[in-house]
Amino acid sequence: MSKLHIVILAAGLGKRMYSTLPKVLHPLAGKPLLGHVLDTARSLSPRRICVVYGHGGEAVPQAICDETLIWVKQVPQLGTGHALMQALPHLDNDGLTLVLYGDVPLTGIETLKKLIAAAESKTLALLTVDLEDPSGYGRIVRNSKTGGIAAIVEEKDASNAQRQVREINTGIMAVPNQYLHGWLHKLENKNAQKEYYLTDIVAMAVKDGVKVDATQPDYAWETIGINSKTQLVALERIYQNECAKELLEQGVTLADSSRIDVRGQLVCGRDVEIDINCIFEGHVQLDDGVKVGAHSILKNVKIAAGSAIAPFSLIDTAEIGKNCRIGPYARIRPGTRLADDVHVGNFVEVKNSTIAVGSKANHLSYIGDSVVGKNVNIGAGTITCNYDGANKYQTIIEDDVFVGSDTQLVAPVKVAQGSTIGAGSTITKDTPPETLTLSRAKQVSIDGWTRPVKKVKGEK
Ligand code: UD1
Ligand code: CA
């Protein structure tokens with residue numbers, strides 16, 4: 001069994017977010033801050049994960065909804081040491097504890113593994129960084145002779161000399177549990193903030209002759225915590241920039257690496273091209289040679305090789321075959337599967353429908369709850385009337401059908417193989433195969449027709 005216990009501190013108020021949503025639930029790249037921390041925690045396969053929550057109350061456990069987590073309520077919040085104390089009953093003596101923060105979302109797994117390895121050899125392992133501007137942070141105070149860590153001093157309690165120190169405490173640490181219990185019980189709140197500081201265990205470790213070590217992350221942003229919307233948007237950009245860098249390194253062509261947003265996972269084949277301002281949500285897979293036009297939004301989509309999405313298209317929870325042409329301004333909604341060589345053009349909405357090989361709906365259509373066969377041509381303005389105000393019905397359009405423009409297909413209805421529908425028809429009954437079906441008034445021209453004229457006021 002893993003020795004690792006992870007405690008995530010997430011009880012803070014987040015006053016400076018000016019929001020009713022608890023701070024740790026604010027999204028970064030489409031996922032709550034706490035969700036990022038939990039993903040990282042889970043990937044370390046710990047014995048257990050405790051989340052200390054308080055502000056925002058049950059909204060936090062409710063939003064995360066994971067039965068494997070241990071939720072520990074901290075009310076009132078008397079400091080980081082007090083927070084960790086609430087989780088003590090869940091920290092087995094033979095293990096070690098990694099302390100993470102619900103508002104520090106992007107700490108790297110490799111960075112944390114280094115801390116854990118140090119704690120495994122009975123060391124109190126701290127994650128520290130050197131900052132140009134260390135103000136606001138706890139400072140790492142080192143022994144002037146040995147250079148070893150002596151204590152962490154909070155800014156509000158620091159002397160002027162200590163405030164000059166640029167090495168700061170990120171808060172993230174790994175502690176052998178055999179010491180943690182004793183140290184936490186000894187914490188006092190005799191300081192400027194009248195809080196129980198977790199950081200005070202550092203001086204206790206030194207006093208007890210326990211080794212204290214500092215590890216630094218590869219990137220300073222791994223330790224950035226979020227207190228305001230300004231910090232949130234800055235970290236979002238850092239995250240997106242990292243995503244873009246990774247895509248470029250894999251050979252994806254981006255029109256502008258600063259104008260792409262990945263809110264989930266984007267998996268690309270070779271020679272994929274992505275134009276500006278595209279958003280990818282959930283799990284998106286773009287196979288070889290796929291092109292995504294500017295301003296498109298793709299969510300939980302799989303697009304097979306050679307397909308091109310023209311600008312301003314929205315595709316949600318759908319599968320697109322090879323060499324399809326989608327958009328511009330197409331909307332493809334959940335439950336849609338397009339086979340190879342399908343064209344869905346401008347202002348065409350497709351929902352919960354399958355369209356077979358080589359079929360086209362190029363302009364201004366709604367195709368809902370439909371099964372469309374091969375080599376079908378759906379004329380401009382064709383609507384499947386799938387809803388009677390209470391229930392939804394299916395439309396079946398078989399292979400080689402030609403639907404004339406501005407046709408309404410009133411479901412449930414089947415347009416049989418090879419049939420042609422004349423433009424402007426309202427089709428309410430199944431059509432026989434290989435026939436022309438029309439339903440519209442015959443065109444007449446009336447001689448001498450005069451248009452109505454506007455009445456003058458007062459005239460009868
Ligand atoms: C803490 C550290 C400081 C470090 C800084 C890094 C202490 C005493 N100080 O200071 O050395 O440089 O973080 O950002 O640890 N929290 C609770 N319950 C509480 C108090 C805090 O869950 O009672 C959580 C908060 O939600 C937050 C985190 O702990 O996520 C840090 O709390 P905060 O009050 O922001 O700590 P700082 O004063 O910034
Ligand atoms: Ca504080």
Side-chain angles (χ1 to χ4, degrees), residues 6-17 21-26 32-34 36-38 41 50-57 59-61 71-88 97-107 124 126-131 133-141 149-158 162-163 165-173 175 180 183-184 187-204 212 214 216-217 220-228 231-232 235:
I6 296 178
V7 180
I8 301 172
L9 305 190
L13 174 56
K15 218 173 22 198
R16 283 188 281 151
M17 298 297 274
L21 190 67
K23 176 166 75 173
V24 294
L25 295 182
H26 281 263
L33 295 173
L34 180 55
H36 286 271
V37 185
L38 285 168
C50 303
V51 185
V52 180
Y53 73 109
H55 271 289
V60 178
W71 293 92
V72 181
K73 200 163 185 173
Q74 186 203 14
V75 180
Q77 287 97 39
L78 304 178
T80 50
H82 179 256
L84 191 56
M85 244 185 264
Q86 312 309 305
L88 266 184
T97 297
L98 174 68
V99 182
L100 299 175
Y101 297 83
D103 56 1
V104 182
L106 299 184
T107 318
L124 169 53
L126 306 174
L127 188 65
T128 70
V129 279
D130 292 320
L131 294 183
D133 174 14
S135 54
Y137 290 97
R139 308 297 205 281
I140 305 296
V141 178
I149 295 171
I152 297 175
V153 178
E154 292 306 296
E155 173 154 288
K156 286 182 178 141
D157 305 296
Q162 286 168 337
R163 284 186 189 173
V165 174
R166 287 180 33 215
E167 186 184 7
I168 64 100
N169 171 36
T170 65
I172 295 168
M173 60 176 77
V175 198
L180 189 60
W183 291 339
L184 288 181
L187 284 184
E188 291 183 283
N189 65 347
K190 292 179 189 152
N191 52 54
Q193 303 187 80
K194 304 268 181 296
E195 281 181 10
Y196 294 91
Y197 289 165
L198 175 58
T199 45
D200 285 352
I201 68 170
V202 174
M204 293 179 189
V212 182
Q216 303 236 327
W221 50 257
E222 291 183 47
T223 67
I224 292 176
I226 303 299
N227 294 305
S228 66
Q231 290 169 338
L232 182 61
L235 199 58

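Counting convention: from 1, in listed order, for ligands and their atoms alike. Worth knowing before you read on, the calculation uses all heavy atoms, side chains too, and leaves out hydrogens, waters and symmetry mates.
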Donor-acceptor under 3.5 Å ([X] side chain, [Y] main chain):
X      : Y      : answer
His26  : Leu21  : yes
Thr128 : Glu167 : no
Lys23  : Ile226 : yes
Gln231 : Ser228 : yes

Revision key, fill the gap. Closest to atom 30 (O) of ligand 1 (heavy atoms only, candidates Ile140, Ile201, Asp103) is Asp103
In this structure, does ligand 1 have an atom that sits under 4.0 Å from one of the heavy atoms of [X]?
X      : value
Leu78  : yes
Gly225 : no
Val52  : no
Gly79  : yes

Under 4.0 Å from any heavy atom of [X], which atoms of ligand 1 are there?
X      : value
Gly138 : 3 (C), 4 (C), 11 (O), 12 (O)
Tyr101 : 28 (C), 29 (O), 30 (O)
Thr199 : 7 (C), 8 (C), 9 (N), 11 (O), 15 (O)
Gly12  : 22 (O), 25 (C), 26 (O)

**Study point:** Residues Arg163 and Glu155 bridged, charged N to O under 4.0 Å
**Key:** no
If you measure every N/O of [X] against every N/O of ligand 1, is any gap under 3.5 Å?
X      : result
Glu154 : yes
Gln74  : yes
Thr80  : yes

Please state which part of [X] comes within less than 4.0 Å of ligand 1, counting heavy atoms only: side chain, backbone, both or neither.
X      : result
His82  : neither
Tyr137 : both
Thr170 : backbone
Ala11  : both

